[in-house]
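These numbers come from the heavy atoms of this one structure, side chains and all, not from hydrogens, waters or symmetry mates. Just so you know, these numbers come straight off a predicted model, no measurement behind them.
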Amino acid sequence: MKTADLSGLPPGVTDYLQAEGIEELYPPQAEAVEAGVTDGENVVASVPTASGKTLIAELAMLSSIRRGGTALYIVPLRALASEKKAEFEAFEEYGVSVGVSTGNYESDGDWLATKDIVVATSEKVDSLVRNGATWIEDLSCVVADEVHLIDDAGRGPTLEVTLAKLRQLNPDLQTVALSATVGNAEDIAEWLDAELVDSTWRPIDLKKGVHYGNALHLDDGTQRELEVRGSEKQTAAVVRDTLEDGGSTLVFVNSRRNAEAAARRLADTVEPELTDEERDELASVAAEIRDVSDTETSEDLAAAVEGGAAFHHAGLASDHRALVEDAFRDRLLKVISATPTLAAGVNTPSRRVVVRDWRRYDGTAGGMQPLDVLEVHQMMGRAGRPGMDPYGEAVLVASSHDELDELFDRYVYADPEPVRSKLAAEPALRTHVLATVATGFARSRGELLDFLERTLYASQSAEPDRLERVTDDVLEYLERNEFVRRDGRGDDATVDATSLGHTVSRLYLDPMSAAEIVDGLRAVDGRPTALGLYHLVARTPDMYELYLRSGDREEYTELCYEREGELLGPTPSEFEEGRFEDWLSALKTARLLEDWAEEVDEDRVAERYGVGPGDIRGKVDTAEWLLNAAEQLANELDVGHEAAVREARKRVEYGVGDELLDLAGVRGVGRKRARRLYDAGVETRAELREADKGVVLGALRGRRKTAENVLENAGREDASMDGVEPVERAAADGEGSDADGGAEPTDDAEPDAGEADDAGQASLGDF
DNA sequence: ACACACTCAGTGCTTTCGGTTCGAT
DNA sequence: AAGCACTGAGTGTGT
């Protein structure tokens with residue numbers, strides 16, 4: 001089918017597509033059109049990565065807009081939301097407006113209602129529904145990207161419930177679901193009353209294979225010599241081979257440590273092959289990486305990048321990730337060794353993909369567990385860049401002949417697992433039952449069960465009673481914690497949310513987190529300390545646990561007894577194995593947050609807790625959100641302590657001691673600048689407006705532009721630094737200048753080491 | 001001849017991917 | 001279970 005034959009799209013769009021070189025639709029796209037995707041029909045498209053799924057979505061949304069409607073595009077990751085927005089903005093010149101809504105980006109508001117296309121994460125959509133955004137009801141088309149994630153126990157139920165709600169709100173809603181190739185796409189299609197487009201067609205060929213010995217065995221039965229020279233590893237041999245062919249490689253491994261070690265080694269393989277020009281450009285990328293953060297992770301990454309290799313995992317700061325992804329797309333970096341983050345994230349195709357590790361440690365299973373076929377296929381699907389490579393090659397690595405056979409059976413020739421709803425589990429239902437009741441979707445037990453009948457779980461369940469049973473357990477739990485009221489028994493029993501329940505639902509808290517916070521705040525004796533509050537939020541299920549390593553157990557047990565008085569609520573007994581363990585790991589997180597709020601340098605925090613800069617940011621972000629929620633709960637319940645909670649939140653947010661809160665609130669002033677201004681005698685925003693310019697300039701290390709911005713942001717009339725000379729004023733020693741009680745010799749010996757260029761980046765609030 | 005760098009084998013030991021959500025600026 | 005980190009012995013290189 002030709003693009004020229006498409007009808008029902010906004011004027012100019014077909015011309016645009018042709019100008020983009022899209023003359024002919026790919027077969028799955030043509031199938032989707034035949035299935036009525038441009039006529040408002042529901043369609044489920046189960047096709048491989050990079051086979052033109054996005055165009056199917058665009059055709060659906062644009063034709064719907066053409067008929068006067070609006071569209072919502074649901075993605076699983078924030079990074080994907082901005083990527084998709086950028087793609088859809090190509091249609092703005094044809095009068096189609098695009099907006100994004102994620103947790104950290106341009107929140108709700110009426111302006112979203114004015115957009116033709118809104119891109120949002122599934123949680124954000126859920127949250128918008130809970131908060132009663134009315135424009136949601138006027139949607140004419142919804143697209144769910146990566147819909148196979150419904151299989152994910154953690155986040156899948158949100159997507160599932162959200163789709164069910166949108167469809168209930170608006171029975172005429174066109175639903176388009178895009179999925180990777182899965183074992184049971186027909187189940188999803190049936191659930192959504194949709195036509196199914198199920199295809200394995202790819203625009204460029206993907207060859208899958210296994211490397212063993214000195215040969216690459218491919219799924220078409222051929223094999224090729226691929227020699228492992230001397231002491232190099234198989235992965236290095238594949239990378240070298242690809243490089244000789246002018247291509248780049250993506251290597252997937254099973255842990256962050258492995259990713260870093262592999263990048264270090266692969267840099268040695270790649271470095272000799274680089275041109276001088278490439279070395280120069282890589283050196284400047286490395287410099288940018290070092291600018292992002294001072295940590296060892298950052299330094300290791302920069303060092304690898306200088307050799308043309310990089311690692312990629314969630315411990316990296318988001319700026320790190322973007323730099324690495326861009327340099328790889330620009331073909332500057334020849335290899336990335338990554339954890340699975342990269343397979344799910346933004347588009348980074350590569351000539352070759354190596355899946356080095358196919359087992360991953362799983363504590364609950366007590367050892368290494370094989371990866372899902374779907375996951376391995378997702379990684380393999382990154383091989384081959386459309387329009388650039390003749391074909392892609394995805395390679396597993398075997399170290400024995402038996403393993404060679406096993407890998408072929410298990411992954412190369414195997415079909416992916418079916419998608420199974422994980423809705424009927426307490427943690428998932430806890431939050432969604434409360435939300436469903438609080439928003440008035442269901443007013444009785446019967447209505448609740450009716451609504452749940454509309455989910456994928458119900459449509460594929462072999463155990464129909466299970467949902468009902470778990471729902472009753474959850475209602476029981478919610479009632480016990482005063483989130484809902486029930487009247488009567490059986491199907492007619494009315495259920496409605498209490499005021500507290502409404503607040504919890506609106507705040508998007510897991511009810512169990514809310515219960516923990518409420519109990520904790522009620523147990524406070526006196527004024528809660530920052531550590532106590534950090535511990536409180538760190539032990540809720542909404543904060544991911546920091547892993548306890550060897551030696552940590554003793555250290556934090558000791559700390560736990562030392563500061564027991566600060567922790568809110570009763571400390572579990574050491575004999576309650578699991579509970580005590582969780583308590584300690586929350587304490588470790590709380591300690592990290594406390595360090596951050598006491599101005600311990602990022603690199604020291606990273607080292608002390610064995611985390612990367614990205615982890616610190618993540619923890620700080622989550623703590624901010626939960627403390628904000630805690631403040632509102634305190635307010636709602638009238639238990640007091642709002643001021644203490646707010647202060648603790650602001651201190652993690654800015655990463656400063658309480659005496660710096662006022663200064664750090666000025667835009668352009670992060671934790672480091674605030675400290676230097678304070679030490680120079682400028683202690684508040686008001687003083688900043690009146691201060692001697694020379695002193696300000698001196699404290700900001702002679703950076704005129706920075707100083708002018710800061711003064712302007714503080715509300716000073718005459719911010720100009722013309723003719724001002726920096727004045728150095730000795731820091732006031734002692735008192736409060738080192739909030740970190742445990743005197744750190746390195747801090748004093750070289751107070752400014754590594755922060756020569758801290759322009760703006762010292763504050764986490766920036767992004 | 002010697003210091004130093006590097007490789008390699010062997011041992012022990014640690015290991016455990018990812019991530020959204022508020023509200024205001 | 002497996003790869004990494006570490007150790008120490010052995011080898012190679014340059015002065």
Query raised in the report: Taking the C1' atom of each, how far is dA5(C) from dC17(B), in whole Å?
Result: 22 Å

Requested in this report: May I ask you to establish whether K165(A) and F441(A) are in a cation-pi arrangement, using a distance under 6.0 Å from NZ or CZ to the six-membered ring centre and at most 45° from the ring axis?
Outcome: yes

Requested in this report: In plain terms, say whether R360(A) and D372(A) are close enough for a salt bridge, that is, a side-chain N and a carboxylate O under 4.0 Å apart.
Outcome: no

Query raised in the report: Is any side-chain N or O of R257(A) closer than 4.0 Å to OP1 or OP2 of dC13(B)?
Result: no

Report summary line: Of the listed dC4(C), dA5(C), dC22(B), the closest approach to the L507(A) side chain comes from dC22(B)

Query - Side-chain ion pair, E653(A) and R649(A), N-O less than 4.0 Å - result: yes

Requested in this report: Kindly say if T339(A) contacts the phosphate of dG18(B), meaning a side-chain N or O under 4.0 Å from OP1 or OP2.
Outcome: yes

Query raised in the report: Reckon D152(A) touches a base, only the sugar-phosphate, or nothing at all at heavy-atom distances under 4.0 Å?
Result: base

Requested in this report: Scan A629(A) against the nucleic acid and name what it touches under 4.0 Å (heavy atoms): base, sugar-phosphate only, or nothing.
Outcome: nothing

Query raised in the report: For dA2(C), does either OP1 or OP2 sit under 4.0 Å from a side-chain N or O belonging to R359(A)?
Result: yes

Query raised in the report: Just to confirm, is there a sub-4.0 Å distance from OP1 or OP2 of dC4(C) to any side-chain nitrogen or oxygen of K233(A)?
Result: yes

Query raised in the report: Looking only at atom C1', what distance separates dG19(B) and dA2(C), rounded to whole Å?
Result: 27 Å

Query - Nearest-Å distance once atom P is located in both dA1(C) and dT21(B) - result: 40 Å

**Report entry** Presence of salt bridge, D126(A) and R130(A), under 4.0 angstrom
**Finding:** yes

Query raised in the report: Between dG23(B) and R649(A), is there an OP1 or OP2 to side-chain N/O distance shorter than 4.0 Å?
Result: no

Query raised in the report: Ring-on-base stacking between W625(A) and dT21(B), under 5.5 Å between centres and under 30° between planes: is it there?
Result: yes

Requested in this report: Looking at every strand, decide which applies to R130(A) at a 4.0 Å heavy-atom threshold: base, sugar-phosphate, or nothing.
Outcome: nothing

Requested in this report: State which of dC22(B), dC17(B), dG19(B) makes the closest approach to the side chain of N628(A).
Outcome: dC22(B)

Query raised in the report: Do any side-chain nitrogens or oxygens of T121(A) fall under 4.0 Å of OP1 or OP2 in dT21(B)?
Result: yes

Query raised in the report: With a 4.0 Å cut-off on heavy atoms, is N258(A) in touch with a base, just the backbone sugar-phosphate, or nothing at all?
Result: sugar-phosphate

Requested in this report: Tell me whether the OP1 or OP2 atom of dA1(C) has a side-chain N or O from R360(A) closer than 4.0 Å.
Outcome: no

